[in-house]
Every structure is written in C-alpha cells, then in structure tokens.
Amino acid sequence: MNKAIEYNERSTEATCASGGKVTAFLRWAGSITLAVSAISFLLQGLEEFVPGYRNWVISGFIVVLCICGLICGYLMQETRGARLFFGLATAFLTVQFTQIGTMIYQYSAPLSEDFHSALSWWRVDRIPLATFALIAAASLILAVLVVPTGFSMLARSQARTLSAGFFAGNALLMVPSRENFAMATSSVLLYLGLRFLTRRSLMRDPVIRTAEGLAGLAIMWIPLAIIGGRGFFYPDGWAMMCAMLGIGAATLLIDVRSSVRSAFLRFLAQVLGVSAALLAWLIAAQETLHRVPALSGYETLWIFLPLALLLHLVSYTAEKQASKYRAGAGLLAGFTTLGFLLDHPGYGASFAAILTGLVLTCSGLHHKEKTPLLSGMVSFASGILFNLKFALEFYQAFPWASSAVLGLLVLLLASYIDSRERIFLHKTWQAYQTLKSWG
C-alpha cells in the first residue's frame, strides 16, 4: 500500500515537472511571437493601416494584454501568466511611444524635408493636432497605469527604479531630433544612466536576479535598443554606429566577462569586445579626419595614439592577458611617435614624443613591466634629442660661451659622480636587477 502511494506521488511530481516544461515552452514561444509582431509592425505596419486607425492599434493591443493578465490573475488564479502579460504590455508601450516620437518629429521637421530613400516606408503623415493630443493623452494614461503595475509584478522592490529608467528611455525616444551626433551622445548618456541603475539594483537587491527581475531589467533597456536600431537607418549614421559599438564593447568587456564562468565564453567576449572597441574608434577617427581640417598632417598621431590608449584601458578588464595589452599599447605608441618625428620633424612631433614617453615610462614603473618602460624611454629620448638642435644653434652663435658652459657642466657632473660613486653604482645595479625581474 505504501509503495503504491509513493509510486503515485512520484508519478504526479514527474507529470507536474513535464507540464511545467510544456507551459514554459509555450510562454517563450508566445512571447517571441509577440516580439516579432512588434518588430514587424515597426518596420511595415505603418503603411498597412489607415492613418486614422494605425496609431490606436498598439494602444488597443496593450489593453488586450492587460485584460488577459487580469483574467489569468483573478479568474485562473495563475500569477505567472499575469506577470507575463503585464510585462509584455509594458514592453509594447515602447512601440507606442516610438510612434508618438515619429509624429512629433513630423511636426517639428520642415514640410519640404525629404526622407532618405531607405526611410521612405517609415514616413508618417501629419495628423490633426487634436487627434495627436488625444493619442498622446491616451498613451500617457496607459503608461501611468501599466508601467508601475507591470514592474511591481516583476520586481516589486525595484518597481520605482525600473519605472524611472523606462520613462527616461521613452522620453528620449520622443525627442524631435534625428541629428547624428546629438542622438549618439544622448544614447551614451542614457546607457550610462541605465547601467548605473542596473548595477545598483543587482548589488543591492537579490530579487532582481530572479527570472522576473531580469525580465524587468530587459524591458527597461528596450528604448535604448530601439534608439540605436533606428539610428542605423538614417543617412550619415556613423556617430550612432560608433556609440552602439562602444556600448557593445563595454558590455562585453565589463559585464559579460564578469558574469560568465566558461573560459571559452570569457575569451569570446574579450575578442568580440576588443574588436568592437577598435572598430568604433577607427570609424570615428576616419570620419573626424574628413570634418576637422585642423587634424590635417597629424593623421598618424590622431589614429594610433588613442588606439594605444584604448588597448591600455582594455588591459584593466583582461586579467591574465593584461600585460600583453599594455605591451602592445606601449609598442604602438612608441613606434607611432618615433615614426611621426622622423617623417615630420617639428616642435609638435617632439612634444608628442616627450609627452608619450613620460606617460609610457610612468605606466611601466607603475605596473613593473619592461616593454612600456623601454618604449617610453626611447620615445622620451627621441623627443629630447630632437630639441638638442637648439644647443647646436646656440653653439654656432656663441661658440666660446657654449664651450665654457659645457665644460663647467661636465666637470661638475664628474665631481658629483666621484663623490657618490659607490651609492651610484649600488643604485644602478639594484635598478638593473629589479628591471630583470619585471615581466
């Protein structure tokens, strides 16, 4: 009898587990289908509806999602479905605010402005101001009701923080500007703000690490993803491309590498992050060279010195490979300044060599690494040697005075070394042995 009861209990548990997997699969499939429908609406749906109705489609769908959530919560007594529906309703609000932002841009843009050919399908004709005001008011009421409820159901303790980040991103979506650099800068600032909120929430509240909490975080980041994706469709979108590549690099190098345990995934994140960061700078450097005439003649320094700095910054996230990144940065910076000094001898080149040499030398001493130290010393010495021509010019103008000054300095140096010969030799030998032990 007991064995039969035990067998039935195990069978029931196995059946529940199997059912849980099925419902989880169905929820994922339904959520992905709705996400695809939202993307399809953003890309194609604007032309498939009459102007008087298409701006109400998403609002009506959000209401339907909320009604389904209430049915799950109150009639079926099933909280997972309720949380899912209200989370999807919150996410779909971003689609609605994207439409409102497009309409605001149409009101602010000149009537004669033509859309780029790649955006001809995205144009939204102006509607009467009264209709627009009604749509905006209805969307705002929906947002005030749905957003706090949705985030409370996903992560109650962080609902205010998530709602604030979500509203900030949607507010940026409605800014009536498509200027390349301004939108890229705003996106970077939004990323920094959202990342601050995310890091603070993750460190302070373990609830945010649950599946529902992570879903709330993902919803908060949707506006930034739409802004970045939208920026790629506009002509001359190099700044947005650089911003998105930089954001991707920072996420891969800082967040992804610190959260995954697999050595292969960490290596892959490192490679992809470094590649994205380097590509972002190369695009930015090339575009700014065409737009800033003052950089003419300094192309080598402008491209490669910041590239070396970027490699040095990446080294702080590389752990075991950090010394190699710093060595590569030191060699790149040293060869860049030395080569530029040889090709373009001048005061600017010598100053760049001296300054770069000082930075590399300090970096080598701080991290106790040979390659940056030696590269910095060579760069610094090359800049100093270039300026010795002033001494030669002085000698040619005043041969006897310069000879006298040089003779006095040599004698004083000899006396100084002779008086501290043992200390000098000991310090030199000690420094040499220390340098040999460095990596």
Side-chain angles (χ1 to χ4, degrees), residues 180-181 184-185 187-192 195 228 231 237-258 266-292 294-295 298-341 348-349 351-376 378-380 439:
N180 181 29
F181 189 77
T185 304
S187 300
V188 173
L189 294 176
L190 177 61
Y191 165 75
L192 295 175
R195 190 177 184 279
W238 65 271
M240 183 60 74
M241 181 179 294
C242 293
M244 291 299 106
L245 285 172
I247 289 173
T251 303
L252 287 168
L253 294 173
I254 300 174
D255 298 321
V256 174
R257 289 191 77 257
S258 62
R266 290 168 68 87
F267 172 76
L268 183 62
Q270 181 76 24
V271 172
L272 294 177
V274 173
S275 301
L278 297 181
L279 181 59
W281 169 245
L282 291 176
I283 294 174
Q286 182 182 7
E287 294 295 333
T288 50
L289 284 175
H290 295 305
R291 291 168 170 78
V292 182
L295 295 175
Y298 295 92
E299 293 86 356
T300 303
L301 294 180
W302 173 247
I303 294 175
F304 292 105
L305 283 185
L307 205 61
L309 177 61
L310 188 59
L311 288 175
H312 183 82
L313 294 177
V314 168
S315 69
Y316 290 102
T317 66
E319 296 177 355
K320 295 181 180 180
Q321 304 295 325
S323 60
K324 295 182 179 179
Y325 280 102
R326 283 192 289 266
L331 291 174
L332 180 60
F335 278 116
T336 298
T337 53
L338 182 59
F340 187 77
L341 182 61
F351 176 76
I354 293 173
L355 183 60
T356 303
L358 288 173
V359 173
L360 291 176
T361 302
C362 293
S363 174
L365 292 173
H366 176 71
H367 295 285
K368 297 182 179 181
E369 295 172 347
K370 295 178 185 177
T371 303
L373 176 64
L374 297 177
S375 181
V378 171
S379 181
F380 180 80

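Heavy-atom basis, side chains included; hydrogens, waters and symmetry copies ignored.
If you take CD1 on Ile283 and CG on Leu245, they are separated by 5.5 Å, rounding to the nearest 0.5 Å. A distance of 9.5 Å separates CG of Leu253 from CG of Leu272, quoted to the nearest 0.5 Å. The CG atom of Leu305 sits 5.0 Å away from the OG1 atom of Thr356 when rounded to the nearest 0.5 Å. Expressed to the nearest 0.5 Å, how far CD1 of Ile247 lies from SG of Cys242 amounts to 11.5 Å. Taken to the nearest 0.5 Å, the OG1 atom of Thr185 stands 9.0 Å off from the CE atom of Met240. Distance check, rounded to the nearest 0.5 Å: CG of Leu252 to CG of Leu268 gives 8.5 Å.
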Q) Going through the checks in order, is the side chain to side chain contact (heavy atoms under 4.5 Å, CB included) test met by Trp302 and Thr288? A) CA-CA 10 Å; Trp302 173 247; Thr288 50; 3.0 Å; yes
Before giving the answer on side chain to side chain contact (heavy atoms under 4.5 Å, CB included), spell out for Tyr298 and Phe340 the whole-Å C-alpha distance, their side-chain angles and the decisive distance to 0.1 Å.
CA-CA 9 Å; Tyr298 295 92; Phe340 187 77; 3.7 Å; yes
Could you give me the CA-CA distance, side-chain angles and deciding distance for Gln270 and Thr317, then say whether side chain to side chain contact (heavy atoms under 4.5 Å, CB included) is met?
CA-CA 9 Å; Gln270 181 76 24; Thr317 66; 4.3 Å; yes
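Between the side chain of Trp281 and the backbone N or O of Ile303, at least one donor-acceptor pair lies under 3.5 Å. Although no hydrogens or angles enter the test, the distance criterion places no donor-acceptor pair under 3.5 Å between the side chain of Ser363 and the main chain of Leu360. Counting only distance, with no hydrogens or angles, the side chain of Ser375 and the backbone of Gly330 share a donor-acceptor pair below 3.5 Å.
Of the candidates Leu190, Thr251, Asp255, Asp255 is the only one forming a side-chain contact (heavy atoms from CB on, under 4.5 Å) with Arg195.
Counted by atom type alone, Thr337 and Ser379 present one or more donor-acceptor pairs between their side chains at under 3.5 Å.
Heavy atoms only, all atoms of each residue included: Trp238 and Ala284 are closest at CZ3-CA, 4.1 Å. Residues Tyr191 and Ala250 approach most closely at OH-CB, 3.6 Å, considering heavy atoms. For Val256 against Ala269, the heavy-atom pair with the smallest separation is CG1-CB, 3.9 Å.
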